[in-house]
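Everything below concerns the one structure shown next.
In what follows, chains are A, B, ... by sequence order, proteins preceding strands, each numbered from 1.
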4 protein chains.
Amino acid sequence: MRDGLFEAAVAVIAERGIAGLTIERLAIAARVAKGSVYNYFRSKRGLLQFVHQKAYEPINVQMDEIAASRQTARGKLEAMARMYFEHVNQERELFDFLLNDASVRGLLKAEQDALRAQVIAVLTVILEEGIAGGEFRPLDAKGVAEMILGAIRQLAECELAGSQPRSPEEIVGVLVPVFLEGIRKTD
Amino acid sequence: MRDGLFEAAVAVIAERGIAGLTIERLAIAARVAKGSVYNYFRSKRGLLQFVHQKAYEPINVQMDEIAASRQTARGKLEAMARMYFEHVNQERELFDFLLNDASVRGLLKAEQDALRAQVIAVLTVILEEGIAGGEFRPLDAKGVAEMILGAIRQLAECELAGSQPRSPEEIVGVLVPVFLEGIRKTD
Amino acid sequence: MRDGLFEAAVAVIAERGIAGLTIERLAIAARVAKGSVYNYFRSKRGLLQFVHQKAYEPINVQMDEIAASRQTARGKLEAMARMYFEHVNQERELFDFLLNDASVRGLLKAEQDALRAQVIAVLTVILEEGIAGGEFRPLDAKGVAEMILGAIRQLAECELAGSQPRSPEEIVGVLVPVFLEGIRKTD
Amino acid sequence: MRDGLFEAAVAVIAERGIAGLTIERLAIAARVAKGSVYNYFRSKRGLLQFVHQKAYEPINVQMDEIAASRQTARGKLEAMARMYFEHVNQERELFDFLLNDASVRGLLKAEQDALRAQVIAVLTVILEEGIAGGEFRPLDAKGVAEMILGAIRQLAECELAGSQPRSPEEIVGVLVPVFLEGIRKTD
DNA sequence: TATGAATGAGGATTCATTCAT
DNA sequence: TATGAATGAATCCTCATTCAT
């Protein structure tokens with residue numbers, strides 16, 4: 001039932017944005033009475049926290065799998081980018097809400113920060129592995145991790161906003177070479 | 001008068017977030033009667049559009065200056081990054097609202113998209129100049145522009161959220177080399 | 001089972017006040033399912049009536065015992081005062097609810113009035129006995145009974161509200177002489 | 001306008017009890033929109049505090065006048081009883097709410113205690129004057145003050161609940177002799 | 001008989017917008 | 001033009017009560 005409410009919440013967010021997620025609309029979307037929501041969540045905030053955590057779960061799992069896999073750091077970055085992009089791409093409104101939405105910062109600041117920190121932490125570890133293993137130049141790993149995350153988010157956002165949809169493969173094909181080789185022309 | 005309301009709006013947003021911007025508080029901050037606001041703006045939406053456009057103006061102007069300046073494409077990217085970061089950094093709450101806030105996305109989707117598109121367009125032109133001039137490798141200029149914008153936004157966000165403040169210089173010092181040279185180690 | 005619910009109700013009222021007595025909390029306190037309450041009481045009102053009557057029982061019994069006992073009218077008044085005060089004192093929240101709470105007055109007006117009337121009736125009888133027996137002056141027995149009840153209630157209330165707790169003995173020591181002898185200085 | 005809301009509140013309390021005073025009903029009684037109430041009171045609690053204080057004002061004034069008047073302590077007690085009884089008598093529901101109502105204790109405990117303490121304090125001073133002046137026997141003035149207040153309250157309550165209305169004069173005629181002379185028969 | 005999930009009416013509060021002065 | 005009181009729709013949340021299992 002909590003799962004049903006989760007899906008209803010995702011649907012409402014997708015359709016009307018996070019600001020459009022009222023308990024009333026949630027209840028209607030879940031085909032449930034308004035009061036029933038409060039049998040499963042103490043408050044709207046509790047609901048949002050649950051939605052946040054639930055949406056974050058699969059990313060968390062796959063992040064850890066990728067981080068633990070046997071492959072080059074570059075391979076891991078590629079895999080992370082692809083995975084992350086696919087998720088973000090799939091439910092854009094939801095992920096805006098998870099990571100960015102300023103209107104819920106007051107309620108979920110801790111959760112948003114934790115999620116972002118977690119993603120950056122995993123990327124940072126991969127980058128440090130790559131540096132230690134001689135794959136990457138010595139760099140501010142955390143700063144680069146932030147840049148990669150930001151780049152992916154923006155690519156996803158623009159792709160969804162824009163008219164010319166690009167596949168995850170295309171996007172990874174742009175992202176990875178730029179971060180790996182840079183954009184400067186070398187003779 | 002509209003300008004006075006703009007500044008009052010910025011002040012309220014900075015202090016209480018976008019969700020805290022009510023007509024009442026706006027009027028108090030502007031030392032004006034609540035009803036008077038409606039003599040200058042048809043609605044709250046109209047006000048927000050004005051605020052959005054007005055806040056965007058200085059960035060627009062400087063973007064154009066940088067784009068028109070005589071320097072290498074790399075120099076322009078650096079200058080853009082520094083300028084953009086400084087602005088975002090300076091009024092974080094405001095820019096959250098301008099770029100991220102989902103609660104106004106319904107109202108200002110067009111404006112937000114236009115702003116983003118404008119920034120990306122300018123960056124794209126610079127990148128294309130660099131490619132044409134032999135400075136940069138031939139690449140998907142628009143995709144890279146998006147990546148750069150995303151990276152800057154994320155760096156700014158993390159910097160404000162985090163405990164270890166970094167100066168614009170430091171941030172540009174991380175950003176530019178990565179995009180220019182990439183992170184791969186070359187013997 | 002009804003008795004179990006009664007005790008649970010008293011516990012909840014004592015801890016959270018009458019406004020805090022919800023069916024949910026009652027059920028939890030009684031270690032019973034919420035729906036089960038309605039197998040024993042038609043409604044919340046029925047429950048409150050039962051609680052009211054049940055709480056009133058021991059007072060009723062002791063009142064009758066005192067009234068039937070062999071002692072002077074003065075002795076009976078003293079005993080009544082002490083007994084009543086001890087009860088009220090012991091479960092103040094409960095007695096607030098029984099006697100004062102306006103939020104249930106709509107529901108339990110009849111019961112509250114009956115209880116008050118009963119107490120006053122017993123006191124009145126004692127006073128009339130005293131008058132008939134030559135112990136007391138001829139007076140409006142019912143009015144005096146009301147005054148005595150009111151005085152006891154107020155003393156109890158103030159004692160619980162105040163910082164300086166007085167024992168039942170002390171209170172009776174103030175109450176009885178005043179009513180018996182008056183406050184006027186003689187000679 | 002606050003006064004209009006005060007009177008509407010008194011009317012609603014008189015008709016439906018304190019538990020029946022909702023913002024909606026208040027607004028209807030005051031022939032005002034629901035939201036307008038909040039232009040004059042920050043919250044329901046603020047409204048209740050205002051009502052409390054406003055209702056208490058005339059009693060306060062008259063109490064002080066009586067206390068300052070030139071007459072015997074007995075005369076003052078009589079005057080106080082009569083005045084208090086008249087007020088309580090006039091708006092019983094309101095005064096229940098002011099002094100007794102357990103359902104608003106949480107909100108107005110401080111105010112209720114202060115009012116009760118104030119009344120008791122004035123009575124105590126009168127009693128002490130009487131003791132000092134040789135009118136009254138030396139007694140626990142505060143305890144007696146509480147008893148007098150309680151007696152008045154109960155008399156008023158019973159009079160309103162009962163079928164046989166008594167005039168203030170009658171009630172004072174019962175109250176004062178009992179407290180002054182006591183009920184014991186002196187040959 | 002026991003359960004507890006589901007219900008929906010009701011209540012406090014906020015706020016963009018209107019309009020008479 | 002300026003004002004700010006008045007409005008009422010919208011929102012979160014509570015809780016007595018019902019009913020299928």
Below 4.0 angstrom from OP1 or OP2 of E/dA12, is there any side-chain N or O of D/Lys44?
yes
Students often get this wrong, so: under 4.0 angstrom with heavy atoms, is A/Ser36 touching a base, only sugar-phosphate, or nothing?
base
Whole-Å distance, A/Leu47 CG to F/dT11 P, equals 15 Å
Result for 5'-nearest mapping on DNA chain E, choosing between B/Ser43 and C/Met1, is C/Met1
Approximate separation, where rounding is to 0.5 Å, of D/Glu157 CD and C/Gln112 CD:
8.5 Å
Using a 4.0 Å heavy-atom cut-off across all strands, classify B/Ile23 as base, sugar-phosphate, or nothing.
base
Yes or no on side chain to side chain contact (heavy atoms under 4.5 Å, CB included) for C/Ile23 and C/Tyr38, after CA distance, side-chain angles and deciding distance?
CA-CA 10 Å; C/Ile23 297 292; C/Tyr38 287 85; 3.7 Å; yes
At less than 3.5 Å, do the side-chain atoms of A/Asn39 and the base atoms of E/dA5 form a donor-acceptor pair?
no
Whole-Å distance separating the CG atom of B/Leu26 from the P atom of F/dT3
13 Å
Under 4.0 angstrom between D/Tyr38 side-chain N/O and E/dT13 OP1 or OP2:
yes
Whole angstrom value for the distance that separates P of F/dT3 from CZ of B/Arg31
13 Å
What is the distance, rounded to the nearest whole Å, between atom CZ of A/Arg25 and atom P of F/dA10?
9 Å
Just verifying a value: how many Å separate B/Arg16 CZ and B/Leu21 CG, rounded to the nearest 0.5 Å?
10.5 Å
Please state whether the rings of D/Phe41 and D/Phe50 are parallel, tilted or perpendicular, taking 30° and 60° as the class boundaries.
tilted
Does F/dT1 have OP1 or OP2 under 4.0 Å away from a side-chain N or O of B/Tyr40?
no
Here the distance between atom C1' of E/dT7 and atom CD of A/Glu24, to the nearest Å, is 13 Å
Watson-Crick or G-U wobble mate for E/dT13, both contacts under 3.5 Å:
F/dA10
5' precedence on DNA chain E between D/Leu21 and C/Ala33 (nearest-nucleotide basis)
C/Ala33
Between D/Gln53 and D/Glu57: side-chain donor-acceptor atoms closer than 3.5 Å:
yes
Can you check the C/Ile28 CD1 to E/dA2 C1' distance for me, whole Å?
16 Å
Tell me: NZ of B/Lys34 to P of E/dC19, nearest whole Å?
15 Å
Complementary nucleotide of E/dA20, counting Watson-Crick and G-U pairs under 3.5 Å
F/dT3
Select base, sugar-phosphate, or nothing to describe what D/Val32 touches, counting heavy atoms under 4.0 Å on all strands.
sugar-phosphate
In whole Å, what is the span from the CZ atom of D/Arg42 to the P atom of E/dA12?
18 Å
Specify the residue among D/Gly35 and B/Gly35 whose closest nucleotide of DNA chain F lies further upstream toward the 5′ end.
B/Gly35
